[in-house]
Amino acid sequence: QVQLVESGGGLVQAGGSLRLSCAASGYIFRTYAMGWFRQAPGKEREFVSEISGTGSSTYYANSVKGRFTISRDNAKSTATLQMNSLKPEDTAVYYCARRLAYSGIYRPSDFGSWGQGTQVTVSS
């Protein structure tokens, strides 16, 4: 069955870096765009970044543009989110998912096969 497993979260001071990984299995990885979302306590899940199946196109939320970098290794069925210059407001549970539909905007409902999430906590 399809499975996505995130790893790499942790506690870091403001200005620090973390590298999140998403290991995929159970489907042909390269045929799906991959997305990263995050959800802070009491808030809705929000889009962070997306990468196309080939890796040639990437998209970012304005709040992380210039600080986060998404990438993928189709040979290893892995997607990665490099997060630099972290801020306390980046604190959230981070999820990866594969895109299943296109509504024109980055809705969580357009994505599926969600992983269990990995906690990122940025202290000030």
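Note: hydrogens, waters and symmetry copies are ignored here, and every other heavy atom, side chains too, is used. Index from 1, following the sequence. Since the structure is predicted, the reported quantities are computational estimates derived from the model, not experimental observations.
Minimum interatomic distance between S124 and P88 (heavy atoms only, all atoms of both residues): CB-CG, 3.8 Å. Contact between D90 and R67 at its shortest, heavy atoms only, is OD2-NH1, 2.7 Å. In plain terms, the two heavy atoms of T58 and I51 that are nearest each other are CG2-CG1, 3.8 Å. For the residue pair S21 and T80, the shortest heavy atom distance occurs at OG-OG1, 4.1 Å. When all heavy atoms of T118 and G9 are compared, the closest pair comes out as OG1-N, 3.1 Å. When every heavy atom of A24 is checked against every heavy atom of L4, the shortest pair comes out as CB-CD2, 3.4 Å.
Between the side chain of S52 and the backbone N or O of S57, at least one donor-acceptor pair lies under 3.5 Å. The backbone N or O of A101 sits less than 3.5 Å from a side-chain atom of R99, completing a donor-acceptor pair. Using modelled atom types, one side-chain atom of T78 and one backbone atom of K76 make a donor-acceptor pair closer than 3.5 Å.
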- Task: Kindly indicate, with the supporting measurements, whether the criterion side chain to side chain contact (heavy atoms under 4.5 Å, CB included) is fulfilled by V120 and M83.
- Result: CA-CA 10 Å; V120 171; M83 306 187 297; 3.8 Å; yes
- Task: Determine, step by step, whether Q116 and C96 satisfy the side chain to side chain contact (heavy atoms under 4.5 Å, CB included) criterion, reporting the C-alpha distance in whole Å, the side-chain angles of both residues, the deciding distance to 0.1 Å, and the verdict.
- Result: CA-CA 9 Å; Q116 82 289 347; C96 67; over 6 Å; no
- Step by step, would you call R19 with L81 a side chain to side chain contact (heavy atoms under 4.5 Å, CB included)? CA-CA 6 Å; R19 186 177 180 89; L81 186 69; over 6 Å; no
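Residues V2 and L100 share a single hydrophobic cluster, defined by chaining ILVMFWY side chains whose heavy atoms lie under 4.5 Å apart. Cluster annotation: L20 is not connected to Y59 through the hydrophobic network of ILVMFWY side chains, with a link wherever side-chain heavy atoms come within less than 4.5 Å. Following chains of ILVMFWY side-chain contacts shorter than 4.5 Å, one cannot reach Y106 starting from F68, and the two form parts of different hydrophobic clusters. Linking ILVMFWY side-chain heavy atoms closer than 4.5 Å, directly or via other members, places F47 and W36 in two distinct hydrophobic clusters. Transitive grouping of hydrophobic side chains (ILVMFWY, heavy atoms separated by less than 4.5 Å) keeps V93 and L86 in distinct clusters.
Inter-residue side-chain proximity for R38 and R45 is flagged as unmet; no heavy-atom pair is nearer than 4.5 Å. Side-chain contact check for Y94 versus E6: every heavy-atom pair is 4.5 Å or farther apart. Put simply, the side chain of Q119 reaches to within 4.5 Å of the side chain of T91, judged on heavy atoms. Within the 4.5 Å cutoff, no side-chain heavy atoms of Q13 are placed close to those of V122.
I70 CD1 to Y60 OH: the interatomic distance, rounded to the nearest 0.5 Å, is 6.5 Å.
In summary, the aromatic rings of Y32 and Y27 are positioned with their centroids under 6.0 Å apart. For Y95 and F37, the gap between ring centers reaches or exceeds 6.0 Å.
The closest side-chain donor-acceptor pair between N84 and S17 falls under 3.5 angstrom. In this structure, a donor-acceptor pair under 3.5 Å is present between the side chains of R98 and S113.
Surrounding CD1 of I105 are more than 12 heavy atoms belonging to other residues, nucleotides or ligands, all under 6.0 Å away.
Under the 6.0 Å distance and 45° angle rule, R72 counts as a cation-pi partner of F29.
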